[in-house]
2 protein chains.
Amino acid sequence: MDAKEILKQHISKTISLTDDESDHFFSHFKRESFKKGQVVIGEGDDVDKEYFVLSGCLKAFFVNDEIKMYILQFAMPTWWTSDYGALYNHTKALISIDCISDVELLSLSNADREKLCSESHAAEHFFRWRTNKGYVAAQKRLLSFMNNNVRVRYEQLLAQYPELYNLVPKHLIAAYLGVSRETLSRLYTSHK
Amino acid sequence: MDAKEILKQHISKTISLTDDESDHFFSHFKRESFKKGQVVIGEGDDVDKEYFVLSGCLKAFFVNDEIKMYILQFAMPTWWTSDYGALYNHTKALISIDCISDVELLSLSNADREKLCSESHAAEHFFRWRTNKGYVAAQKRLLSFMNNNVRVRYEQLLAQYPELYNLVPKHLIAAYLGVSRETLSRLYTSHK
DNA sequence: GCGGTTACGTGACCTACATCACATTCGGAA
DNA sequence: TTCCGAATGTGATGTAGGTCACGTAACCGC
C-alpha cells in the first residue's frame, strides 16, 4: 500500500474526504526516509514539522542531566509524532526523536497544517479529534503511572503492543516504563 | 464580571468572534452552581457534559480499589474539566469530579459542542487549540512524574499555582503529587 | 575474524517513599 | 459552647526500586 493510501485510510477513520480533497491534503506532506539510529529531532533543534509514521518505529524521549532517558512515546505506523510543545510554542526542542528501525515518514510543516486547517473545516475537525484522542491517552498513562507498579505497567504495555517485545531492546522498554533496566530485567526472571 | 464576559475573554485568546457569534456560542452553555463537597461527575455516571469553571476550584480524580485517590487535575477559573475519556467514547465515568470550594460553572453538552464545531469553523479551531494545549501539558506532567522526585514536583506545583497552598488541604496536594500525605508532610517539616 | 561496543543478567547494598500507629489541632455543626 | 470528625504531624518499620559492580553473550564495523 502506498503512502497516500495509508494516510487516506487513517484520516478516513475520522472524516470523509473526496478523492480531490484527499489528494490536496496529501500534497502538503513530504516523504522522508531515515535509517535505524538516525535523529529526526534533536534536543535544542528548531521544530517546524510533525511526522506521520508509514513504517518502522521511532522513539520520542527526554534526556535528564545528560544521563537518564525517559521515553514518552514509541511511534508506530499510522501514529503521529513530534515535539508538540516546541512545535506549537515555537520553542527549541526539549524532546528528541530518533529511529529504532529504518523508517518511512510523511512530514507536515506547522504552516501547512494550519493552512490545511484554515482552508478546510474537515481538516480542522480531523486534527481536533486526533489531539482529543492523544489527550485522553496521555491522561490514562499518567493515571497508570500513579496507580500501578512496574510489573503491571510492563504487562499492560506488552498486552497492548506485543510487537514491542521483539522490536525494541529491553532497556528502552525500561525507559518507557520509567524504571532502571536492572529492575525490568528482574521482573521476568524472578518468579511470581 | 459576568459569565458571558469571562467566557468571551477566554475564547478571544484563541479566536476572534463578533458579538453576535459570541452570544451564539454562549447560548449553548448552561450555568450551574455547586456547593463545596458536591459531586459533579461520579464514578460510573453517564457523562454528557464538559464544564468551564467561572469561580471556585474542583478536583478531577480517580479512586483505586475504593482506597487510594489520585488527582488528575485541580480545575481553577477559566479551566475546562470533565471525564474526557468517558465523554468522547460514550462510556461510564472512571474519573470523578467534585467541588473543593463553592463553584460556579458553565456546562456544555457533547452534542452542543459538536453542533458549535460543525456550524462554526472558528469554534472547531478554538476547541482544537484548547486540546492541543492540554495535550502538551499532560505530556509535561508525565515527564515531571518520571523525572522528578516528590520534593521537586511539590515545589513546581506551588511555584505554578501558589493559590493552591491555602485553597486545598494538603492531603489533596499529596494525591495530586501521587504520594502519601505523610511523605508530603515530612517534606516541608524536615529541613533541607 | 577480531575487537569493541551494546545488550542483558545478577548480586550486594542503599534510599525514597509507603504503611501503620498514635497524638494534636482546628473548623464546623448541633 | 461543646463535640466530633477532618486535617495534620511524627515515630517506627517495611519494601519497591535505584545504584554500583561485575560477568557474559550478541552484534557490528573494519
Side-chain angles (χ1 to χ4, degrees), chain A residues 35-39 57 59 61-71 74 98-102 143-158 164-192, chain B residues 35-39 57 59 61-71 74 98-102 142-158 163-192:
Chain A
K35 290 285 174 196
K36 177 176 176 174
Q38 275 195 283
V39 174
C57 180
K59 65 176 192 281
F61 60 101
F62 172 79
V63 176
N64 135 325
D65 309 327
E66 313 294 317
I67 298 182
K68 283 193 224 166
M69 175 183 68
Y70 298 102
I71 294 178
F74 292 115
D98 67 19
C99 302
I100 293 177
S101 64
D102 291 355
L143 212 44
S144 176
F145 234 92
M146 297 202 268
N147 193 28
N148 301 123
N149 64 21
V150 186
R151 164 163 271 124
V152 173
R153 299 207 304 277
Y154 177 65
E155 283 163 2
Q156 284 176 349
L157 179 67
L158 287 192
L164 287 179
Y165 186 84
N166 293 313
L167 189 57
V168 316
K170 313 273 191 239
H171 71 271
L172 295 185
I173 305 262
Y176 180 90
L177 296 173
V179 293
S180 69
R181 58 169 202 84
E182 293 95 329
T183 296
L184 180 63
S185 169
R186 285 177 179 112
L187 275 191
Y188 41 78
T189 55
S190 83
H191 29 280
K192 176 168 177 288
Chain B
K35 290 285 175 194
K36 178 175 176 173
Q38 275 194 283
V39 174
C57 180
K59 65 176 191 283
F61 61 101
F62 172 79
V63 177
N64 135 328
D65 309 328
E66 312 296 316
I67 298 183
K68 284 195 222 162
M69 176 183 66
Y70 298 103
I71 294 178
F74 291 116
D98 67 19
C99 303
I100 293 178
S101 64
D102 291 354
L142 185 63
L143 212 44
S144 176
F145 234 92
M146 296 202 269
N147 193 29
N148 302 122
N149 64 21
V150 185
R151 163 163 272 125
V152 173
R153 299 207 305 276
Y154 176 65
E155 283 163 1
Q156 284 177 349
L157 179 67
L158 287 192
E163 63 272 35
L164 286 179
Y165 187 84
N166 293 313
L167 188 58
V168 316
K170 313 271 191 244
H171 71 272
L172 295 185
I173 304 261
Y176 180 90
L177 296 174
V179 292
S180 69
R181 56 169 201 85
E182 292 95 329
T183 296
L184 180 62
S185 169
R186 285 185 246 266
L187 275 191
Y188 39 77
T189 56
S190 83
H191 29 279
K192 174 165 177 287

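Straight-line distance from the CG atom of A:Leu177 to the C1' atom of D:dG17: 13 Å, rounded to whole Å. The OH atom of B:Tyr165 sits 13 Å away from the C1' atom of D:dA7 (whole-angstrom rounding). Between B:His171 atom NE2 and C:dT25 atom P the separation is 20 Å, expressed in whole Å. Protein atom CD1 of A:Ile173 is 12 Å distant from nucleotide atom P of C:dG9, rounded to whole Å. In this structure, A:Tyr154 atom OH and D:dA16 atom C1' are separated by 18 Å, rounded to whole Å. As rounded to whole Å, 11 Å separates atom P of D:dG17 from atom CG of A:Asn148. Note: CG (A:Leu184) to P (C:dA7) measures 14 Å, nearest angstrom. Distance A:Asp102 CG to D:dC28 P: 12 Å, rounded to the nearest Å.
With respect to A:Asp102 and A:Lys35, a salt bridge is recorded, a charged nitrogen being found less than 4.0 Å from a carboxylate O.
When each of C:dT19, C:dC17, D:dT8 is scored by its nearest atom to the side-chain atoms of B:Val150, the top-ranked nucleotide is C:dC17. When each of D:dG18, D:dA7, C:dC8 is scored by its nearest atom to the side-chain atoms of A:Ser180, the top-ranked nucleotide is D:dG18. Here C:dC17 is the nucleotide among C:dC17, D:dG18, D:dA12 with the atom lying nearest to any side-chain atom of B:Thr183. The B:Glu182 side chain lies nearest to C:dT19 when the options are C:dC8, D:dG18, C:dT19. Nearest nucleotide to the B:Val179 side chain, out of C:dA18, D:dG18, C:dG11: C:dA18. Across D:dT8, C:dC17, D:dT10, the shortest atom-to-atom separation from the side chain of B:Lys170 is found for D:dT8. Checked against C:dA18, D:dG18, D:dT10, the side chain of B:Arg181 finds its nearest nucleotide in D:dT10.
A pairwise comparison of heavy atoms in A:Leu184 and A:Tyr154 identifies CD1-CD1, 3.5 Å as the closest pair.
Within the 3.5 Å criterion, the main-chain N or O of A:Val152 finds a donor-acceptor partner in the side chain of A:Asn149. The backbone N or O of A:Lys170 sits nowhere less than 3.5 Å from a side-chain atom of A:Arg181 that would complete a donor-acceptor pair. When atom types are taken as modelled, the side chain of B:Arg153 and the backbone of B:Ser144 share no donor-acceptor pair closer than 3.5 angstrom.
Residue B:Tyr188 places at least one side-chain N or O closer than 4.0 Å to OP1 or OP2 of D:dG9. Residue A:Lys36 places no side-chain N or O under 4.0 Å from the OP1 or OP2 atom of C:dT6.
Among the atoms of the strands shown, none is found under 4.0 Å from any heavy atom of B:Gly37.
No hydrogens or angles were tested; on distance alone, a donor-acceptor pair under 3.5 Å links the side chain of B:Arg186 to the base of C:dT19.
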